[in-house]
Amino acid sequence: MKSRKLTVSVRGKSGPSTPGRKARTGARLPRINHRRLVDVAYEELRKRIVSGDFPMGSRLNEVHLASDLGVSRAPVREAVRRLSEEGLVVERPHQGAVVRELDAAAIVDLYNVRAAIEPLTIRLATRRGIDTRPLRVLVDRMAAAARSGDYSLVARHELDFHSIICHNSGNQILIGIFRGLEGLVLMGLALDDSGYPDLAEVAREHEPLIDVIESGDENAAATAMAAHVLSNVGYLIQRLGGNPEDLVPARS
């Protein structure tokens, strides 16, 4: 039986090995695109901010973050710049980048925007016949987190509740707007929920939204959402030293 000659790949060509030339033992590794590293760093840092792993006011140290993510400082620096443009991060003298803290004025701005867009998201979701089973699961999770006194987790499930409604609106522009607000919305919800004397009330407040969606009445759903968004945030604004009258009641 004849043996075949061993061939190797050299610069993409196959042929017999040549004396004096070092054979390649494997395919060339693909170059890692810098933009891809920035995207990965941005998504990971954003996820940690939105989830509350990086609390408001916490400093984002580029050296430590780069080490944690296993990348150089350049992608982290660019990712932090994106987060700053999104409003989740601010630059402070002598501190550098820190996760944004919401004051009364920021809460007013945020909730005025929510009151304008979320009645539309629920109207469209109701029209399209959203499946409410995932929403009921989230209400149960809110209640469970409330029993353990974990208001941050309650807020996380609450954000998911509103995000599901938005994503089921079918309106890609609305979905993009809401995604850009998610980090700030979560911060606002966590601040709001922390002031509840009974955290279980947060879960109960979402049950009427499910009922009205299931009724199929999109006008009633929009009205219910407008009232829901603004129902208790006035107390938070007062707590932060602001004026609740700066809120603009949304038309459903």
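Side-chain heavy atoms closer than 4.5 Å link hydrophobic residues (I, L, V, M, F, W, Y) into clusters, and following such links, possibly through other members, connects I173 to M225. Note on L153: it does not cluster hydrophobically with M142, by side-chain heavy-atom contacts below 4.5 Å among ILVMFWY residues. Transitive grouping of hydrophobic side chains (ILVMFWY, heavy atoms separated by less than 4.5 Å) brings L240 and L247 into a common cluster. Linking ILVMFWY residues whenever their side-chain heavy atoms come closer than 4.5 Å, directly or via other members, places L102 and V233 in the same cluster. Under the 4.5 Å side-chain heavy-atom criterion for grouping Ile, Leu, Val, Met, Phe, Trp and Tyr, L159 is connected to I177 within one hydrophobic cluster.
Contact record, A146 with A200: CB-N, 3.6 Å, taken as the closest heavy-atom pair. Between L230 and V248, the shortest heavy-atom contact is CD1-O, 4.0 Å. Counting all heavy atoms, side chain and backbone alike, I175 lies closest to H167 at CG2-CE1, 3.4 Å. Nearest approach of R127 to E218, heavy atoms of both residues: NH2-OE2, 2.7 Å. Shown here for A143 and A203, the closest heavy-atom pair between the two residues is N-CB, 3.8 Å. Shortest non-hydrogen contact noted between D217 and A220 is OD1-N, 3.0 Å.
Residues H228 and H162 bring their aromatic ring centres within 6.0 Å.
Interatomic distance, I122 CD1 to I165 CD1, rounded to the nearest 0.5 Å: 4.5 Å. For the atom pair S84 OG and E91 CD, the distance stands at 6.0 Å (nearest 0.5 Å). Separating the CG atom in L174 from the CG atom in L120 is a distance of 5.0 Å, to the nearest 0.5 Å. Remark: R133 CZ to I210 CD1 distance equals 12.5 Å, nearest 0.5 Å. Considering CG of D192 and CG of L236, their distance stands at 5.0 Å, rounded to 0.5 Å. In this structure, CZ on F161 lies 9.0 Å from CZ on R136, to the nearest 0.5 angstrom.
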Verdict with supporting geometry, E158 and Y151, side-chain hydrogen bond (donor to acceptor under 3.5 Å, both in side chains): CA-CA 10 Å; E158 193 175 359; Y151 70 84; over 6 Å; no
side-chain contact (heavy atoms from CB on, under 4.5 Å) evaluation trace for L138 with R141: CA-CA 5 Å; L138 285 167; R141 290 177 180 172; 4.2 Å; yes
Working for side-chain hydrogen bond (donor to acceptor under 3.5 Å, both in side chains), residues E205 and N232: CA-CA 10 Å; E205 287 176 353; N232 289 300; 2.7 Å; yes
Full working for side-chain contact (heavy atoms from CB on, under 4.5 Å) between R77 and S72: CA-CA 9 Å; R77 187 178 302 113; S72 69; over 6 Å; no
L189 and R156: CA distance, side-chain angles, deciding distance, side-chain contact (heavy atoms from CB on, under 4.5 Å) verdict: CA-CA 8 Å; L189 291 173; R156 176 71 251 182; over 6 Å; no
Full working for side-chain contact (heavy atoms from CB on, under 4.5 Å) between R100 and V89: CA-CA 5 Å; R100 181 176 180 176; V89 169; over 6 Å; no
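Salt bridge E43/K47: absent, no basic N to carboxylate O contact under 4.0 Å. Ion pairing between E85 and R82 fails under the 4.0 Å rule for side-chain N and carboxylate O.
The closest side-chain heavy-atom distance from Q238 to P244 is below 4.5 Å. Inter-residue side-chain proximity for E44 and I49 is flagged as unmet; no heavy-atom pair is nearer than 4.5 Å. R92 places none of its side-chain heavy atoms less than 4.5 Å from the side chain of R59. At a threshold of 4.5 Å between non-hydrogen side-chain atoms, the residues Y42 and V80 do not count as touching. With a 4.5 Å cut-off on side-chain heavy atoms, I237 and N243 do not count as touching. For the pair L184/M187, a side-chain contact is recorded, criterion being any heavy-atom separation below 4.5 Å from C-beta on. Side-chain contact between V90 and V99 is absent, with no heavy-atom pair separated by less than 4.5 Å. Counting heavy atoms from C-beta on, the side chains of V76 and V71 come closer than 4.5 Å.
At distances below 3.5 Å, at least one donor-acceptor pair connects side-chain atoms of R239 with backbone N or O atoms of L191. Between the side chain of D246 and the backbone N or O of V108, no donor-acceptor pair lies under 3.5 Å. At distances below 3.5 Å, at least one donor-acceptor pair connects side-chain atoms of R128 with backbone N or O atoms of N168. Listed for the S215 side chain is a donor-acceptor partner under 3.5 Å among the backbone atoms of V212.
None of D198, D211, D140 except one satisfies the salt bridge (charged side-chain N to carboxylate O under 4.0 Å, His left out) rule with R204; the exception is D198.
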